[in-house]
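Let me begin by presenting the structure, written as structure tokens, before commenting on it.
Atom set for the values below is all heavy atoms of this structure, side chains included, hydrogens, waters and symmetry mates excluded. Each chain gets a letter, A, B and so on, in the order its sequence line appears, and its residues count up from 1.
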Amino acid sequence: MEFFSEIYGCYYKIVSEILKRAEKEGVSKQEIFSITESIGFAESAVTVPDKLISGEWHLLEKNEAGKYKSVLKNTVSQPLALIQKRWLKTVINDSRIGLFMDEESITELNNVLSDVEPLWNGSDFNYYDRFGNGDDFASEEYRKSFRLGMEAIRSNLIMDFKYNSAKGRKSVKSCLPLKIEYSSKNDRFRLIALRLPVKSDADSKPIVDYYRFDGIKGASVREADEAAAAKKSSLGPIDSLIRKNSCEEPVRLLISNRRNALERAMLHFANYDKDTRQIDENTWECLIYYDKMMETELLIEILSFGPVLRVAGPDSFIGLIRERLKKQAEIFGTFGAH
Amino acid sequence: MSDFNELIKSAAKSRDYIRDFYVYGFKSRQDFDRKSSRTYDNERRRIESWLAPYIKWEQNGTVKNVFLAFDTNALRQNPLYRIFEAKSFTDNDIMLHFYLLDMLFDGRRLTADDLSNEIAERYGEDIDVQIVRKKANEYVSEGLFMSERCGKKLRYFLSRNPVLSKKTSDALKTALCFYQTASPIGFMGYSLMKSENLLNDIFVMKHGYFVHALEEEILLKLLEAIKEGRRVILKTESNKSEAKNLERSMDAVPLRIYVSTRSGRRFLCLYVPAKKYFFSVRLDHIKEVKIGEKITDYIKYRRLYEAGEGKCYGVSFGDAVHTDSIKLTLRIMEPEENYILKRLETEARGGKITRVGENTYTYEISVFDGNELTPWVKTFIGRIVSFESSNEYLTEKFKRDLKQMMKMYDVLEIDGKAGRFELGEASM
């Protein structure tokens, strides 16, 4: 049971796609290159087409029309490997699987995979610093909201619901769901959605909101009106829209390589878009591009490193650190005197 | 670089280079001191080929730094899985792969001799029967084929894929979109999505440490050993600068995988019988895993470990005897800062929280290694009334750090009130 195997490889995938297209009338040389470039690595086109066309990999034969036909008699597909089945068996025993399918489907999958062992048991992992108030994935209301959220994203529907915010505020919301975000640290899902109603003028900036699924109650979906649908289709790639919340100026960290700080910081902040360079023998500069909504989170992450990290900019972020330290000094001044 | 090839035999070397490119992201050609410059050039070219959309470079004087950059919060899949799509193979491997799938199509059951003969007839290729048999047996162990005995010979046939109702199949496809990035060994989900030409159109990850992908091959072996209760022989190498490139070997009982969702680190908790202690080793420090013999009393080690686990704040067992008691007193203004209290409760990890007065709360815990707690304590800077510990070293280190931070940000000097205050006088 190999993890690193050519059967999951990019070249096998390219060849499989070319063979499928080459079954009847065959494929042209140009199509072979085009499929290779669309699926392959940046330099795959140097190798794969030549191997196929030259016959070194005797899988295609040139016909009278000058096209290349598959030598195979059938449309083949690779059966699932044992490791893939075992991984599926593991996943369907995960506590979150009920968000995606009902009990009937879970039983169906367990039955068809009854002859394979999961790769691990839940107790083999300990997420030791995960927050203790993760979502209740077994809640029927939660599952319903989650499924409606997925449906709304795929079918461009509007979602209406009552919302209980983390701070206890209640409101009624209508939005156009875009994505669902999962945080492993919080063990929580949030709905990322376009705020409604949208302003009709084309230049108005779309507003993206985040809703915790455990705060969504009584959700329903409906067809999007013309203005909302037009706005969503004008947004461009949703992924870049989500990134638009990023601060214009990154946090500039100076890292002194004491207490293995450089290595710790590089891994700790690996989930951010960042640029790092060495500026002298013992100091590195790291620019972290972050979402404004995550500012407080980033701030306390930086504080947790103590004096081995120093924020050198922007001034607004330095101000946040100083504010906390001044408060701390004041507390010591007050309490220390007692 | 005439011998350049995008594909590789083993992912081990590239894994280390990618980690340096992605996690560090500031290293230049000169900093890669493990192997020759030629090796570096080939590795860099491969990484650029696999991960072209994520490659950035920066000219720093005469030095060019090449690095990988991506924001895990906005990606549909983990780009680092590309490395596992780059396994090399021979010409015979790829031809046999498609020939065998073609010949065994539609439930046909054939011996290695049949297959070898038919390859010559159908495709005009002369591939030795031993090579055909080896490949067929390899695919049996991978689960792609099954075999049955027919007299003295084995007949091979294709494994059947599970047949699912449309409802279950659709739901599973959506679940794959999530688990391919959220689950350990997510590459298997990624490979399933690739074979079905699926795209993740719904999920994004916050706090996702995509770099974990690089450890998955190692992790899979460890999970196999844990599941079967087997010993492991680990070859490890620390990333700490003072111990860099220092390889160690360790014969141990693997017990559990510890995952930090905040620092990005993952550990194997293990027991070292020769030294009779519990220990944790970072997965990214493990270079090689060999699975050893089955341990008859594996459950005993697991129970022993579970008995002490409650005293671990993070992953350190200290000497597994002595504990550090810690008492943190915080000022939390009621009711407007109740969200801080909620945060304290959420992150308490078994510590006791007590309201000791108006706007004042204590958090008390006793753990094997109090040092693991101090980064978290520092996240409350601005609210800390006192930090006390039975371990004097911890309190002194905490005071020193805080004082240094205040100096670093000019807080001691510029603020009149705070400036008069000496940290040592505080009730810490």
Toward chain A, the part of [X] with a non-hydrogen atom under 4.5 Å:
X         : value
Leu222(B) : neither
Glu309(B) : side chain
Asp91(B)  : both
Thr174(B) : both
Asp170(B) : neither
Glu217(B) : both

Phe178(B) and Phe189(A): CA distance, side-chain angles, deciding distance, ring pair (Phe, Tyr, Trp, His ring centres under 6.0 Å) verdict: CA-CA 11 Å; Phe178(B) 170 66; Phe189(A) 288 93; 5.1 Å; yes
Which atoms of [X] are under 4.5 Å from chain B, going by heavy atoms: the side chain, the backbone, both sets, or neither?
X         : answer
Ser184(A) : both
Thr90(A)  : neither
Arg154(A) : side chain

Relative to chain A, which of Ile381(B), Ile202(B), Thr379(B) shows the most heavy atom pairs under 4.5 Å? Ile202(B)
Can you confirm whether Phe131(A) sits close enough to Arg262(B) that some side-chain heavy atom of one is under 4.5 Å from a side-chain heavy atom of the other?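 The answer is yes; the side chains approach within 4.5 Å.
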